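So the structure is just underneath, and the comments pick up after that.
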Amino acid sequence: MHKFNLSQMEKIKQTKVKAMLITKPIGSIVNVKGWVRTKRGNKNVAFIALNDGSVIHNIQIVVDVLNFDEETLRLITTGSCISVNGLLVESQGQGQTVEIQAKEIELYGTADPETYPLQKKGHSLEFLREIAHLRPRTNTFGAVLRIRHAMAFAIHKYFNDNGFYYLHAPIITGSDAEGAGAMFRVTTLDPKLPPLKEDGAIDYEQDFFGKPTNLTVSGQLEGELGALALSLVYTFGPTFRAENSNTARHLAEFWMIEPEMAFYDINDNMDLAEDCLKYFICYALDNCYDDLEFLNKMYDNGLIERLKSIIDNTFVRLSYTEAITILENSQNKFEFPVKWGIDLQSEHERYLVEKHFKKPVILTGYPKEIKAFYMKQNEDGKTVRAMDVLFPQIGEVIGGSQREENYDKLYSRVKELNIPEKDLWWYLDTRKYGTAPHSGFGLGFERLILFVTGMGNIRDVIPFPRTPQNAEF
RNA sequence: UCCUUCUUAGCUCAGUUGGUUAGAGCAUCUGACUGUUAAUCAGAGGGUCGCUGGUUCAAGUCCAGCAGAGGGAGCCA
């Protein structure tokens, strides 16, 4: 009856725990494989909580100790990996509906309890960041990673279902003109002995691409090229910013979704932003409820309520000028004084979203001086058709605009801001040949995940975060 | 990068005005228990108090520098 020789263990098709837990206990022999969360019991019976990551719940393995080799059972500890053949039965205990009466157990890998860092007990998120190679095995990170996957899938589904084409913008870029922040240099030159020109400067003509190149800070400009051919496109890929930012909302490597739409004005752009955000949150509630319930219970009692309120409420749409008036008339003491023309600080954005309106806000019509060169200029000569979508807790989740499609107006901004024209000739060409009104925005994927999971730190919603002074794992 | 708080056992933390042998809970190990739910009960082991230097008869405790982490801010998504 009891066997431990690998070759003797009967081959039975594996069932994922997720499916197992909703299978009727008709007394069939099943196989599950996974990692041990806890083992408890006495001389006669042992209970193993087994998890394979397919779902947040564990399946309970009941082991009749007398039928198994003592040494093998001793090695089944928290963190070890096993395969179990057994009988799926109705559970005699409370807390689960089905359980598996073990017939055969194969031990794939032990985990020395003296050194295995994950305990049955909860750990701080800071500690788990130091063992990011093992934290996917925790309930919290299992939940976050499953939700992250579901959100990535929902994004592709939403855009595909709405007639968008997925455009792959390049990761390596030769233009430094996006203006979205400091960049990471990409080079194959020897850092100790780079080839030099006669004047002592580094000779990038000898570099791999024949010119200085960097990792992308945005796929937007290429996205516009796609939109002015396919009408509706979106990019979804990694993005890199070499800023020395050390906050709970910033990563050096993050993922961004950038839809770009021909024939959309700023209002169409806002409609799309609001609709897609609601769709994503709705998708999470419909498909990740177990994981959300866990996070709601363990980290953030208001999470599910807050997600539902996003779906139920119309986002407030407000001009920058109106926002300034509200802030000026508020009794709130701000650290940074409010005046038309300033860039809004996070205390201002939080006041609008969390105190004044208590729902998401889309701000438009910013002063052109504080926004990027490519944004469409309004008739007033002072403002541009920018839009920022502000969410409670996390602030700016989307930044976008209608784009300036008029060649002369765009060109004059390029000149005014001393942007190197030679790097942008191809971008300017789109306004020369068959230009069209168009719009787009950037949605920070991790910021969306922050909001959907209720996690407080962006380092906890990406498997292996890259931040200043940290590229471990 | 700036402001601020922190760093003591594997983890989470306590440690008084500087004072003699640095504690707790959990985890681990050993034992008990015939169905447990982060099992329970009893016992045991486990420490270069982040690093370097200084003040002092005496430093986990005070001072300086460095490193790392948390929170806030800026930059942004």
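Keep in mind that this is a model prediction, so the values were computed, not measured.
The salt bridge (charged side-chain N to carboxylate O under 4.0 Å, His left out) search around A:Glu99 returns none, not counting sequence neighbours. Contacts of A:Lys371 classified as salt bridge (charged side-chain N to carboxylate O under 4.0 Å, His left out), with partners at least two apart in sequence or in another chain: A:Asp388. With sequence neighbours left out, the side chain to side chain donor-acceptor pair (under 3.5 Å) criterion links A:Tyr234 to A:His156. Considering only residues two or more places apart in sequence or on other chains, A:Asp460 meets the salt bridge (charged side-chain N to carboxylate O under 4.0 Å, His left out) condition with A:Arg129, A:Arg135. Legend: residues meeting salt bridge (charged side-chain N to carboxylate O under 4.0 Å, His left out) with A:Arg447, ordered by chain and number and at least two apart, are absent. Every residue meeting the ring-ring contact (aromatic ring centres under 6.0 Å, His included) condition with A:His123, not counting sequence neighbours, appears here in chain and number order: A:Phe127.
With respect to A:Lys278 and A:Glu274, a salt bridge is recorded, a charged nitrogen being found less than 4.0 Å from a carboxylate O. Ion pairing between a basic and an acidic side chain is recognised when a charged N comes within 4.0 Å of a carboxylate O; A:Arg350 and A:Glu347 show no such pairing. Taking 4.0 Å as the cut-off between side-chain N and carboxylate O, A:Glu404 and A:Arg385 do not count as a salt-bridged pair. Residues A:Asp300 and A:Arg306 are paired through a salt bridge, judged by an N-O separation under 4.0 Å between the basic side chain and the carboxylate.
Sequence neighbours left out, the pairs with a member in residues 249-258 of chain A that pass side chain to side chain donor-acceptor pair (under 3.5 Å) are A:Ser218-A:Glu258. Screening residues 22-50 of chain A for salt bridge (Lys or Arg N to Asp or Glu O under 4.0 Å), with sequence neighbours left out, gives no hits.
Remark: B:U52 base-pairs with B:A64. Criterion, Watson-Crick or G-U wobble with two distances under 3.5 Å. Across all strands shown, B:A38 remains unpaired; no Watson-Crick or G-U wobble contact has both distances below 3.5 Å. Across all strands shown, B:U1 pairs with B:A73; the Watson-Crick or G-U wobble distances both stay below 3.5 Å. Pair assignment for B:G19: B:C57, on the basis of Watson-Crick or G-U wobble contacts that are both within less than 3.5 Å. Applying the Watson-Crick and G-U wobble criteria (two distances, each under 3.5 Å), B:G47 pairs with nothing in any strand. Across all strands shown, B:C26 forms a Watson-Crick or G-U wobble pair, both distances under 3.5 Å, with B:G10.
For A:Arg249 and B:C75, the shortest distance from a side-chain N or O to OP1 or OP2 is not below 4.0 Å. Residue A:Ser346 places at least one side-chain N or O under 4.0 Å from the OP1 or OP2 atom of B:A73.
Residue contacts for A:Gln94: at a heavy-atom cut-off of 4.0 Å it reaches a base atom on one of the strands shown. Residue-level contact check: A:Asn246 touches the bases, meaning some heavy atom is under 4.0 Å from a base atom. Among the atoms of the strands shown, none is found under 4.0 Å from any heavy atom of A:Arg37. No contact: A:Arg74 has no heavy atom under 4.0 Å from any strand.
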Close N or O pairs between protein and nucleotides 32-35 of chain B (under 3.5 Å):
from	atom 1	to	atom 2	distance (Å)
B:C33	OP2	A:Lys43	NZ	2.8
B:U34	O4'	A:Asn44	ND2	3.1
B:G35	OP1	A:Asn42	ND2	3.1
B:G35	O6	A:Gln92	NE2	2.8
B:G35	O6	A:Gln101	NE2	3.0
B:G35	N1	A:Glu99	OE2	2.8
B:G35	N2	A:Glu99	OE1	2.5
B:G35	N2	A:Glu99	OE2	2.8

Could I get a table of every N or O pair under 3.5 Å where one atom is in the protein and the other is in nucleotides 6-14 of chain B?
from	atom 1	to	atom 2	distance (Å)
B:G10	N2	A:Gln119	OE1	3.3
B:G10	N2	A:Gln119	NE2	2.9
B:G10	N3	A:Gln119	NE2	3.2
B:U12	OP1	A:Ser124	OG	2.9

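Residue A:Met375 contributes atom CE, which lies 10 Å from atom P of B:C76 at whole-angstrom precision. Regarding A:Glu349, its CD atom lies at a distance of 10 Å from the C1' atom of B:C76, rounded to whole Å. Atom NZ of A:Lys371 is separated from atom P of B:C76 by 8 Å (rounded to the nearest Å). Separating the CG atom of A:Asn244 from the P atom of B:C2 is a distance of 9 Å, rounded to the nearest angstrom. We find that CG of A:Leu128 is positioned 13 Å from P of B:G70, with the value rounded to whole Å. With rounding to whole Å, A:Leu251 atom CG is found 14 Å from B:A77 atom P.
When the C1' atom is compared between B:U30 and B:G46, the two are found 15 Å apart, to the nearest whole Å. Of the P atoms belonging to B:G10 and B:G65, the separation is 30 Å, rounded to the nearest Å. Nucleotides B:G35 and B:U48 place their P atoms 41 Å apart, quoted to the nearest Å. Going from the P atom of B:U17 to that of B:C62 covers 10 Å, rounded to whole Å. Across the C1' atoms, B:A73 and B:A58 are found 43 Å apart, a figure rounded to whole Å. Taking atom P on both B:A64 and B:G43, the two are 45 Å apart, rounded to the nearest angstrom. Nucleotides B:C41 and B:U36 place their P atoms 15 Å apart, quoted to the nearest Å.
Judged by distance alone, with hydrogens and angles left aside, A:Ser245 brings no side-chain donor or acceptor close enough to the base of B:C76 to form a pair under 3.5 Å.
Heavy-atom distances to RNA chain B give each of A:Phe254 and A:Asn457 a nearest nucleotide, and the one nearer the 5′ end belongs to A:Asn457. Closest-nucleotide positions on RNA chain B for A:Ala252 and A:Phe336 were compared, and the one nearer the 5' end corresponds to A:Phe336.
RNA chain B is contacted by A:Gln469 of residues 464-473 of chain A, taking any non-hydrogen atom closer than 4.0 Å.
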Can you give each donor-acceptor pair under 3.5 Å made by side-chain atoms of residues 332-346 of chain A, sequence neighbours left out, with the distance rounded to 0.1 Å?
from	atom 1	to	atom 2	distance (Å)
A:Trp340	NE1	A:Thr321	OG1	3.0
A:Gln345	NE2	A:Asp343	O	3.3

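Using a 3.5 Å distance cut-off with no hydrogens or angles, the side chains of A:Tyr158 and A:Asp275 do pair a donor with an acceptor.
Comparing B:U36, B:G70, B:G72 against the side chain of A:Ala248 picks out B:G72 as the nearest.
Using a 5.5 Å limit on the distance between ring centres and a 30° limit on the angle between planes, the aromatic ring of A:Phe445 does not count as stacked on the six-membered base ring of B:A77.
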